[in-house]
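Both ligands and their constituent atoms are indexed starting at 1 by order of listing. Keep in mind that this is a model prediction, so the values were computed, not measured. In what follows, every heavy atom counts, from backbone to side chain, and hydrogens, waters and symmetry copies are set aside.
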Amino acid sequence: MDHAGDAARTDLMTITRYVLNEQTKHPESRGDFTILLNHIVLGCKFVCSSVNKAGLAKLIGLAGETNVQGEEQKKLDVLSNEVFVKALVSSGRTCILVSEEDEEATFVEPSLRGKYCVVFDPLDGSSNIDCGVSIGTIFGIYVINDGKEPTVEDVLQPGRDMLAAGYCMYGSSCTLVLSTGSGVNGFTLDPSLGEFILTHPDIKIPKKGKIYSVNEGNAKNWDGPTSKYVQKCKFPDDGSSPKSLRYIGSMVADVHRTLLYGGVFLYPADKKSPNGKLRVLYEVFPMSFLMEQAGGQAFTGKQRALDLVPKKIHDRSPIFLGSYDDVEEIKALYAAEEKKE
Ligand SMILES: O=P(O)(O)OC[C@H]1O[C@](O)(COP(=O)(O)O)[C@@H](O)[C@@H]1O
Ligand SMILES: [Mg+2]
Ligand SMILES: [Mg+2]
């Protein structure tokens with residue numbers, strides 16, 4: 001590593017510095033949010049190093065437990081969950097934690113409590129762990145009023161009320177993508193420095209894309225509008241070229257590519273799973289928040305995804321997110337279907 005080159009760089013913006021800059025925009029702030037984000041970053045670094053050496057450290061394979069979703073937990077699911085719960089509680093800034101891996105919400109004991117609620121998917125893309133394909137962590141942050149006794153209702157809120165959202169992708173490089181409500185920025189971990197460096201400033205998703213991303217294995221159970229849309233991607237009727245199919249099977253990785261290249265990622269409802277597969281609080285909402293902040297859209301098949309109000313912490317929802325014009329096309333197909341009914 002050419003540290004001399006690094007030393008000469010003037011645009012060396014670390015995520016810590018970025019978050020502190022954001023804090024200065026809020027003169028009333030006491031730094032609680034900055035401390036919370038730094039603990040999330042710490043959790044990501046820890047999980048990143050565990051993922052990198054998963055094969056060596058016998059972190060491959062099943063943990064022998066089943067989570068509330070009825071999924072067999074992977075060892076890395078359990079480890080990542082423990083890491084984030086510890087990092088979030090030890091920040092002293094959280095009051096409620098909702099994790100994909102925990103059946104109930106975790107209420108932080110009063111002596112360690114703060115005003116932030118964090119919803120998170122500690123390890124996303126579990127089916128790809130054992131083959132070393134990109135996986136990630138997804139998180140969203142809500143805030144409650146100072147001194148209010150936290151209740152689960154504080155997280156059963158529309159996604160539009162989130163304060164911030166992000167994901168960390170553990171792939172060929174480790175990339176953390178974050179929005180605190182004023183645009184989207186991407187930071188890459190420099191392993192030699194142990195620092196996330198700003199590498200993707202102010203990400204804007206292309207207005208229209210050439211890629212569609214969906215598990216076509218579910219096609220026979222899809223509804224009319226989804227089938228029509230995927231058919232149009234393959235056999236466009238407007239003389240344009242067919243879109244390319246890209247599907248990794250890790251939402252973080254599929255959404256990361258969509259954010260940078262454009263196009264659309266969809267996990268629709270189908271006859272087998274009428275509410276789709278992906279969870280509202282810690283998958284759909286954070287990714288929809290980022291997509292809208294980057295100029296894209298997120299739609300459920302019925303409404304703007306961020307206007308959903310979950311009834312339970314592990315609720316699922318169909319999701320269509322990505323480039324503005326591509327999602328507009330899908331919305332038009334659902335509107336036409338509704339008109340027919
Ligand atoms: O295998 P399928 O049905 O295509 O589902 C893949 C989807 O399921 C997920 O793996 C679910 O997330 P978890 O791995 O966190 O449970 C998403 O990352 C991904 O988009
Ligand atoms: Mg997930
Ligand atoms: Mg998961």
Check: So, do F320 and Y334 have ring centers that fall under 6.0 Å from each other?
Finding: yes

Note to self: Counting only nitrogen or oxygen atoms and a 3.5 angstrom limit, does G125 reach ligand 1?
What the structure shows: yes

Check: To the nearest 0.1 Å, how far is atom 4 (O) of ligand 1 from its closest protein heavy atom, and which atom is that?
Finding: Y247 OH, 2.6 Å

Note to self: For the backbone of S227 and the side chain of Q231, can you confirm whether one donor and one acceptor N or O come within less than 3.5 Å of each other?
What the structure shows: no

Next item on the list: Identify whether V230 and L245 are in the same connected component of the hydrophobic contact network (ILVMFWY, side-chain heavy atoms under 4.5 Å).
Entry: yes

Note to self: Test of understanding: given a 4.0 Å heavy-atom threshold, classify the contact between L123 and ligand 1 as side chain, backbone, both, or neither.
What the structure shows: backbone

Note to self: Nearest non-hydrogen contact with atom 7 (C) of ligand 1 belongs to which option: E101, K277, E283, M287?
What the structure shows: K277

Next item on the list: Just give me the atom name: the N, O or S atom of E100 closest to the Mg ion (ligand 3).
Entry: OE1

Check: Is it true that K208 and E329 have a side-chain N and a carboxylate O under 4.0 angstrom from each other?
Finding: yes

Check: For ligand 1, which atoms sit closer than 4.0 Å to a heavy atom of D121?
Finding: 15 (O)

Notebook entry, point to check: Who's the nearest protein heavy-atom neighbour of atom 3 (O) of ligand 1, and how far?
Noted result: Y267 OH, 2.6 Å

Note to self: Using a distance threshold of 2.8 Å, state whether an N, O or S atom of D124 lies below it from the Mg ion (ligand 3).
What the structure shows: no

Next item on the list: Would you kindly specify which portion of Q73 sits under 4.0 Å from ligand 1, judged on non-hydrogen atoms: side chain, backbone, both or neither?
Entry: neither

Margin query: Tell me the protein heavy atom at minimum distance from atom 16 (O) of ligand 1, and give that distance in Å.
Written below: E100 OE2, 2.8 Å

Next item on the list: Starting from atom 19 (C) of ligand 1, find the nearest protein heavy-atom neighbour and note its residue, name and distance.
Entry: G249 O, 3.3 Å

Check: Could you give the distance from CD1 (I40) to OG (S91), rounded to the nearest 0.5 Å?
Finding: 8.0 Å

Checklist line | Pairing of K272 and D270 as salt bridge, 4.0 angstrom limit | finding: no

Note to self: Within a 6.0 Å radius of atom CD on E216, are there more than 12 heavy atoms belonging to other residues, nucleotides or ligands?
What the structure shows: yes

Note to self: From the N, O or S atoms in D121, identify the one nearest to the Mg ion (ligand 3).
What the structure shows: OD1

Notebook entry, point to check: Of E216, K272, K74, R279, which has the heavy atom at the shortest distance from atom 11 (C) of ligand 1?
Noted result: R279

Next item on the list: Measure from the side-chain N and O atoms of E292 to the backbone N and O of Q297, and report whether any donor-acceptor pair falls under 3.5 Å.
Entry: no

Check: Could a heavy atom of S127 be found less than 4.0 Å from some atom of ligand 1?
Finding: no

Checklist line | Region of S126 engaging ligand 1 - heavy atom pairs below 4.0 Å | finding: both

Item checked: For M251, atoms of ligand 1 separated by under 4.0 Å from a heavy atom -> 17 (C), 18 (O), 19 (C), 20 (O)

Notebook entry, point to check: Can you tell me the N, O or S atom of E283 that's nearest the Mg ion (ligand 2)?
Noted result: OE2

Item checked: Contact flag L123/the Mg ion (ligand 3), N/O/S atoms, threshold under 2.8 Å -> yes

Checklist line | Salt bridge flag under 4.0 Å for residues R113 and E149 | finding: yes

Checklist line | Part of N215 with heavy atoms under 4.0 Å of ligand 1, whether side chain, backbone, both or neither | finding: side chain

Notebook entry, point to check: Are any side-chain N or O atoms of S250 and backbone N or O atoms of S134, one a donor and one an acceptor, separated by less than 3.5 Å?
Noted result: yes

Check: Angle class for the H256/Y167 ring planes (parallel below 30°, perpendicular above 60°, tilted otherwise)?
Finding: perpendicular

Check: So, H314 side chain and E103 main chain: donor-acceptor pair closer than 3.5 Å or not?
Finding: yes

